[in-house]
There are 2 protein chains.
Amino acid sequence: MLFPGSRIWDVRFIPLEPGSLSGASPERRDAARNRERLLEAARRLIEECGAHALTMDRLAETAGVGKGTVFRRFGSRAGLMVALLSDAEADFQGRFMFGPPPLGPGAPGLDRLIAFGAQRIAFVLEYGDLARAAEASGPNRFEVPAVVLWHRHIEYLLREEGMDADPWLMATSLSAALDPERLLHAVRVHGVTPERLADSWRELVTRVVRGG
Amino acid sequence: MLFPGSRIWDVRFIPLEPGSLSGASPERRDAARNRERLLEAARRLIEECGAHALTMDRLAETAGVGKGTVFRRFGSRAGLMVALLSDAEADFQGRFMFGPPPLGPGAPGLDRLIAFGAQRIAFVLEYGDLARAAEASGPNRFEVPAVVLWHRHIEYLLREEGMDADPWLMATSLSAALDPERLLHAVRVHGVTPERLADSWRELVTRVVRGG
DNA sequence: ACACTAAACGGACTACGGTCCGGATGTTAT
DNA sequence: ATAACATCCGGACCGTAGTCCGTTTAGTGT
């Protein structure tokens with residue numbers, strides 16, 4: 001992580017881990033031990049069989065804990081995936097919020113937008129199914145803290161570039177273009193290269209920003 | 001339907017109904033009867049309890065058929081939803097392929113793009129959860145014939161407007177902005193009005209087309 | 001009418017995500 | 001050490017999508 005402690009808010013959204021932000025009571029020791037066991041087992045399972053083979057039952061069995069414990073820790077399958085990506089996500093957040101330009105502050109908004117998309121595309125392609133599974137299904141797919149942060153960041157950069165036409169919705173549309181499921185589909189099914197994805201994103205945001 | 005017989009290809013993708021396009025052997029009579037029973041039962045259940053309450057077990061029970069029959073007919077829950085929207089979808093296809101401008105041919109590409117988005121937004125908001133559930137999950141979410149057709153239509157209009165920068169991927173990004181899940185989320189959670197959605201789409205495609 | 005075949009039927013079965021709650025365990029105060 | 005309490009644990013349980021396969025039935029040829 002570039003900036004230790006720079007994690008804006010815990011990317012884990014359910015349950016909010018006690019003591020991770022506030023100074024409240026820390027995790028009980030057995031709980032901490034089980035969390036480590038679970039994360040380790042999850043990484044091993046994914047490495048060996050792929051993310052699609054990671055079922056909550058199998059994970060519980062592999063880690064040697066009860067199934068209830070898995071859900072107590074991570075809330076849902078998506079929550080587990082988010083936890084597995086937590087470090088990488090925090091690093092990404094640190095870089096686009098506080099890192100060097102053009103991704104971080106100091107560069108023009110458009111350049112930062114282009115860099116943001118390129119980095120997000122690289123992130124999604126690197127983590128593949130993991131990144132896709134981390135996008136929760138269900139009602140609050142778009143309320144995950146990390147997702148909200150990306151959206152606000154795009155909106156902020158659009159405003160900085162003088163976007164006057166509903167920057168919030170425009171950010172929503174641009175966010176949609178970075179949806180992991182679509183990116184991975186383009187790459188895996190249609191053989192689109194990562195460079196093409198990044199180029200297309202650059203064209204898209206450039207036209208959106210300049211087109212006004 | 002504006003143009004009888006104008007349904008480009010059957011919006012039902014699994015299983016391909018024998019005899020719907022080619023002149024092959026038609027449906028057996030018991031199969032046809034059960035299909036009608038199922039569609040009627042599904043419409044009634046959705047009307048009474050909402051789409052979220054439509055489970056395949058309950059549908060089978062209500063229609064008085066076995067569960068296997070439901071899946072034999074429609075392949076999946078998403079396939080059932082697609083079948084329920086089949087007429088509306090065919091009508092929509094007929095209008096943007098052959099109907100009067102600006103949605104249909106005869107208007108400039110940009111105007112057709114704007115109209116297409118506006119109509120698609122209206123469609124999604126009208127059918128709500130039904131439209132959302134009709135987007136299959138699983139691997140071939142983007143291979144549903146109707147989805148492919150929308151994408152090709154957008155790509156075609158982009159090319160017509162002289163888009164030179166990877167029209168295929170640009171169409172993918174624009175399609176993403178019309179994703180039912182995102183549209184419904186914006187409306188239901190954030191109180192965005194349909195007019196705002198349509199305006200934002202107009203801004204988006206205008207900038208994308210003119211920004212080159 | 002009858003036999004034959006391909007298609008359709010139905011419901012038991014599996015896999016999976018997620019919930020629940022009685023019992024076990026760690027922490028803390030005395 | 002002990003008691004009291006909050007937290008955690010585990011695995012039985014539930015609802016749902018989707019599968020499987022033995023049985024039934026609608027069409028067809030004779």
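Convention: sequence-line order gives letters A, B, ...; per-chain numbering from 1.
A 6.0 Å sphere centred on OH of B:Tyr156 holds no more than 12 heavy atoms belonging to other residues, nucleotides or ligands. Heavy atoms from other residues, nucleotides or ligands lying under 6.0 Å from CD of B:Glu47 number 12 at most. A:Glu40 CD: 12 or fewer foreign heavy atoms inside a 6.0 Å radius. Counting heavy atoms of neighbouring residues, nucleotides and ligands inside a 6.0 Å radius, atom CD of A:Glu61 does not exceed 12 of them.
Nearer the 5' end of DNA chain D, as judged by each residue's closest nucleotide, is the contact made by B:Lys67, out of B:Lys67 and B:Arg29. Along DNA chain D, the nucleotide nearest to A:Thr69 and the one nearest to A:Asp57 differ in position, and the one closer to the 5' end is contacted by A:Thr69.
Per the geometry, CG belonging to A:Asn140 stands 11 Å off P belonging to C:dG18, to the nearest Å. Summarising the geometry, the separation between CD on A:Glu27 and P on C:dG26 is reported as 14 Å, rounded to the nearest angstrom. Distance CZ (A:Arg28) to P (C:dG26): 7 Å, rounded to an integer number of Å. With rounding to whole Å, B:Arg77 atom CZ is found 6 Å from D:dA17 atom P. B:Met81 places its CE atom 13 Å from the P atom of D:dT16, with the value rounded to the nearest Å. Atom-to-atom, CZ of B:Arg72 to C1' of C:dG11 comes out at 14 Å; the value is rounded to the nearest Å. Look at CG on B:Leu80: it is 14 Å from C1' on D:dT16, rounded to the nearest Å. Between B:Arg33 atom CZ and C:dA7 atom C1' there is a gap of 14 Å when expressed in whole angstrom units.
Minimum atom distance to the side chain of A:Val65 is reached by D:dG10, of the listed C:dA8, D:dG10, D:dG18.
OP1 or OP2 of D:dC9 sits under 4.0 Å from a side-chain N or O of A:Asn34.
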